[in-house]
Chemist: 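I have a structure here, written as structure tokens, and I will follow up with some questions on it.
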Amino acid sequence: MTATTPIPLATLAALLADATRARFCLALLDGRAWSAGELARHAGVAASTASEHLSHLVRGGLLVEERQGRHRYLRLAGPQVAQLIEDMTAHAERAGAAARPPTLRAASAAAAMAAARTCYDHLAGRLGVAITDALTARGLLRQDAGFALSDDGLAWFAAELGVALPAPTGRRPLARPCLDWTERRHHLAGAAGAVLCATALQRRWVSRIGSGRALRLTGAGRQALSALLGLDDPTGEVAGDPTGDLSANAAGG
């Protein structure tokens, strides 16, 4: 089975039914490649167990691997897989499958994830939704007939943000909605969302909290979003220690 071969629904469900494999996929929603050892430690399983699960996910087309010397690196097979994982997480949360964080550390991790995080390669949480709302209110993003950047929106990316947008393709549109599992609303995904997230990270408008997906909006980021979109405090305060590694107990997508 290749990454382009359709996966039968029962096979796909079986791939994600295992808790360890699900944790791997959720961790990889940060858009980065993880080594097999890092994923094993994240899930709390032996290296041999992780290797077997990762091979299943690669054969099923959900992950792709790259080898560098003795190291094996894994990442999600693409934005379509990331959207699938995020949508399933949102459905599970709505259905009440997400358990209340059992510890203060887990609650702090959940709060950080809800404030701002990466969703594969775009921004999510309150930050992602607030940016999406601001783009819409200013006429830069249209939501009346699906997600689409207006002419003013295209000009904003070029002139105000100072970045070039890639040409849209059939496999990846310029803008698309992604349901935010914590906010229950849509944030901006697609190529434009990826460019916006990459710009925020490169210019240090946001910084990663620990090794996971949670992000912290920096002072430079607050100033930039205020100047560009009129946003004052899009995330609110995050409870707990923002400097620790909050990824271990963070749930959700």
Side-chain angles (χ1 to χ4, degrees), residues 16 25-26 28-31 76 78-98 110-157 160-161 163 165-166 168-201 205-206 212-215 217 221 224-225 228-236 238 250-253:
L16 295 173
C25 290
L26 288 172
L28 291 168
L29 273 176
D30 69 357
L76 294 180
Q80 295 84 2
V81 173
Q83 181 181 1
L84 171 67
I85 302 300
E86 185 81 2
D87 288 348
M88 292 181 69
T89 302
H91 177 78
E93 204 281 336
R94 289 197 306 272
M113 289 276 285
R117 65 183 182 277
T118 52
C119 176
Y120 187 56
D121 61 359
H122 53 272
L123 298 170
R126 289 194 297 276
L127 177 62
V129 171
I131 290 174
T132 301
D133 287 347
L135 289 170
T136 303
R138 290 177 174 241
L140 308 178
L141 176 68
R142 297 189 58 185
Q143 298 191 42
D144 51 351
F147 265 46
L149 291 178
S150 65
D151 290 341
D152 287 343
L154 294 172
W156 181 86
F157 270 86
E160 299 296 329
L161 203 60
V163 295
L165 289 172
T169 66
R171 292 182 59 84
R172 185 153 213 208
L174 200 55
R176 70 164 179 83
C178 182
L179 182 62
D180 197 289
W181 67 272
T182 52
E183 293 298 294
R184 313 286 185 91
R185 299 176 57 216
H186 290 120
H187 56 247
L188 174 64
V195 166
L196 187 59
C197 180
T199 300
L201 286 166
W205 294 348
V206 293
R213 298 170 52 200
L215 301 172
L217 183 63
L225 292 179
L228 289 168
L229 294 171
L231 289 174
D232 293 327
D233 189 13
T235 62
V238 178

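Along the sequence shown, residues are numbered consecutively beginning with 1.
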Chemist: For A114 versus E183, what's the shortest heavy-atom pair and its separation?
Modeler: O-OE2, 4.3 Å

Chemist: Any side-chain donor-acceptor pair under 3.5 Å between R117 and T182?
Modeler: yes

Chemist: What are the two closest heavy atoms between L161 and L196, and how far apart are they?
Modeler: CD2-CD1, 3.7 Å

Chemist: Distance check, rounded to the nearest 0.5 Å: R185 atom CZ versus T132 atom OG1?
Modeler: 8.5 Å

Chemist: How long is the straight-line distance from CD1 of I85 back to CG of L16, given to the nearest 0.5 Å?
Modeler: 4.5 Å

Chemist: Which heavy atom in V129 sits nearest to a heavy atom in H187, and how many Å separate them?
Modeler: N-CB, 4.1 Å

Chemist: When you measure from the side chain of D180 to the backbone N and O of G125, does any donor-acceptor pair fall under 3.5 Å?
Modeler: yes

Chemist: Which pair of non-hydrogen atoms, one from L228 and one from E160, has the smallest distance, and what is that distance?
Modeler: CD2-O, 3.8 Å

Chemist: Compare all side-chain heavy atoms of T235 with those of D233 and state whether any distance is below 4.5 angstrom.
Modeler: yes

Chemist: To the nearest 0.5 Å, what is the distance between CZ (R176) and NE2 (H122)?
Modeler: 5.5 Å

Chemist: Kindly write out the residues that satisfy side chain to side chain donor-acceptor pair (under 3.5 Å) with R172, not counting sequence neighbours, or none if the list is empty.
Modeler: D121

Chemist: When you compare the side chain of L229 with that of L140, does any pair of heavy atoms fall below 4.5 Å?
Modeler: yes

Chemist: Spell out, as yes or no, whether a donor-acceptor pair under 3.5 Å connects the side chain of R126 to the backbone of P234.
Modeler: no

Chemist: With C197 as reference, evaluate V206, L123, L188 under the side-chain contact (heavy atoms from CB on, under 4.5 Å) test and give the passing residue.
Modeler: L123

Chemist: For D151, what residues pass the side chain to side chain donor-acceptor pair (under 3.5 Å) criterion, not counting sequence neighbours?
Modeler: none

Chemist: Which pair of non-hydrogen atoms, one from R142 and one from S150, has the smallest distance, and what is that distance?
Modeler: CG-CB, 4.3 Å

Chemist: Can you pull the ring-ring contact (aromatic ring centres under 6.0 Å, His included) pairs that have at least one residue in residues 125-157, sequence neighbours excluded?
Modeler: none

Chemist: What pair of heavy atoms forms the shortest contact from R213 to C119, and how long is it?
Modeler: NH2-CA, 3.7 Å

Chemist: Should L174 and L154 count as side-chain neighbours, where that means a heavy-atom distance under 4.5 Å?
Modeler: yes

Chemist: Any non-hydrogen side-chain atom of C25 less than 4.5 Å from a side-chain atom of V81?
Modeler: no

Chemist: Is the shortest side-chain heavy-atom distance between L225 and L127 below 4.5 Å?
Modeler: yes

